[in-house]
Amino acid sequence: MGFEVLLKGNNMLRLLGGLGVAMYISLISVAISIFLGIILGALMTLKNPVINAFSRVYLEIVRIMPQMVLLFIVYFGATKVLGINLSAEISSIIVFSFWGTAEMSDLVRGALSGIDKIQYESSMALGMNTRQTYFHVIIPQIIRRLIPLSINLITRMIKTTSLVMMIGIVEVLKVGQQIIEANRKSSPNAAFGVFATIFLLYFLACYPISCLSKYLEKKWEN
Amino acid sequence: MEEILRVNNLSKRFEDIEVLNNLSLSVKKGEVVVIVGPSGCGKSTFLRCLNGLEEIEEGEIFLDGEKVSSNKKNMSKTREKIGMVFQSYDLFPHKTILQNITLAPIKVKKRKKAEVEEEALKLLDRVGLLSKKDNYPRQLSGGQKQRVAIVRALIMHPEVLLLDEITAALDPEMVREVLDVVLSLAKEGRTMLIVTHEMAFAKAVADRVIFLENGKIVEEGSPKEFFEDPKTDRLKKFLETFSYEK
């Protein structure tokens, strides 16, 4: 079945290392995306025409551009045009953050504008000041809406990191290909075993996260 | 009886529309004043001005002899004395029923949690919802939510309670359970200003009924004279819209 190649040498460890690279890139990108996304999302609720025009164009670019194209533009394009030499890791973190910030800001905007005016008013009517209203009433509701959605974004990012091998990063899929190539003669069936294992690794990485998001969503549904 | 709320020449405009037009009113302690009128007549805006959700542009409001100002800091103080319940369900969805009720007394009045909870449970029992204390608002029916909203306002010990069409968004069979609570509050002598479309309820609960149109008081009187012997044509017409004959 081709699973035996994984037991050779440190092949399994190498695969896990590749998964580590994928997780590393996606988690850093998510952290940046959440931070910038909250800022941009909050700005978007101000209804400033300049910010709105900017964010609409930005979101639309992210929506229509395949992430791979963005990766190529940044990794190959920036080096030539701007003359800066970005490492493949940095390029992919830039692209993933660029994508994630757009998605996150839209989520934050939705969560913020989804809170009914009556929530502010009834809190004020109980004598609570602005700080108390935000702290006890508004922000907890925003966080509850946001966390399950941003967890979803994390799993999607982990999945999409499989693209970064296209710019030469040795992540789990690339390691898998290397193992298959190296054992072409001795284990012709290696492809199945290796890719099935990669499937399992992605599943093990994403499924708990996805469960957590479902659990939180259910727990906090209003 | 002593006067608790006084409104002098209150006016309010939204752009070109005069919503409140030189409105004056005096409410005595323990009095239940019901305000009726066609939609858009300024009823809700009037209540919202009283607790500062709308800015007071012209005129003055006195609560307990003290002038209510639009100043933010003073407004919080005023709002502690004026409770308000809204038309739509305004409970905090992320907090349990008990937490909804105890939040403001603990955070605003800095009262002890144990003592506030004890009072909250008593009030919940009174409106028949003790068993729901640990539920979330989404698990309650509309009528139950409104009863909780009333309790949440009551626990702040307001001197005046404002009820803004609190049954307008409810299914008909749930109106009764909410209005029964309001009736019992009227019986124990609470000062209330009530905006409603339930005429039978207005008749039963009110000490005085006010007909508001175009931001002005067109007619006011005891429920008996108001409903049985309206003086103005406008009020007659308005009341006719609520009675059916074949």
>> Shorter than 4.5 Å, heavy atoms on both sides: which option in B:Met84, B:Lys109, B:Lys81, B:Lys107 has the most such pairs with chain A?
In response: B:Lys107
>> Please report the interatomic distance CD1(B:Ile97) to CZ(B:Arg147), rounded to the nearest 0.5 Å.
In response: 11.0 Å
> Which bit of B:Ile82 comes within less than 4.5 Å of chain A, counting heavy atoms only: side chain, backbone, both or neither?
Replying inline: backbone
> Is NZ or CZ of B:Arg152 both nearer than 6.0 Å to the six-membered ring centre of B:Phe92 and within 45° of the ring axis?
Replying inline: yes
> Is there a donor-acceptor pair closer than 3.5 Å between any side-chain N or O of A:Gln119 and the backbone N or O of B:Leu91?
Replying inline: yes
> With chain A, which of B:Asn51, B:Leu53, B:Leu162 has the greatest number of heavy-atom pairs at distances under 4.5 Å?
Replying inline: B:Leu53
>> Counting only non-hydrogen atoms closer than 4.5 Å, does A:Gln132 touch chain B with its backbone (N, CA, C, O), its side chain (CB onward), both, or neither?
In response: side chain
>> Under 6.0 Å between ring centres: does that hold for A:Tyr207 and A:Tyr202?
In response: no
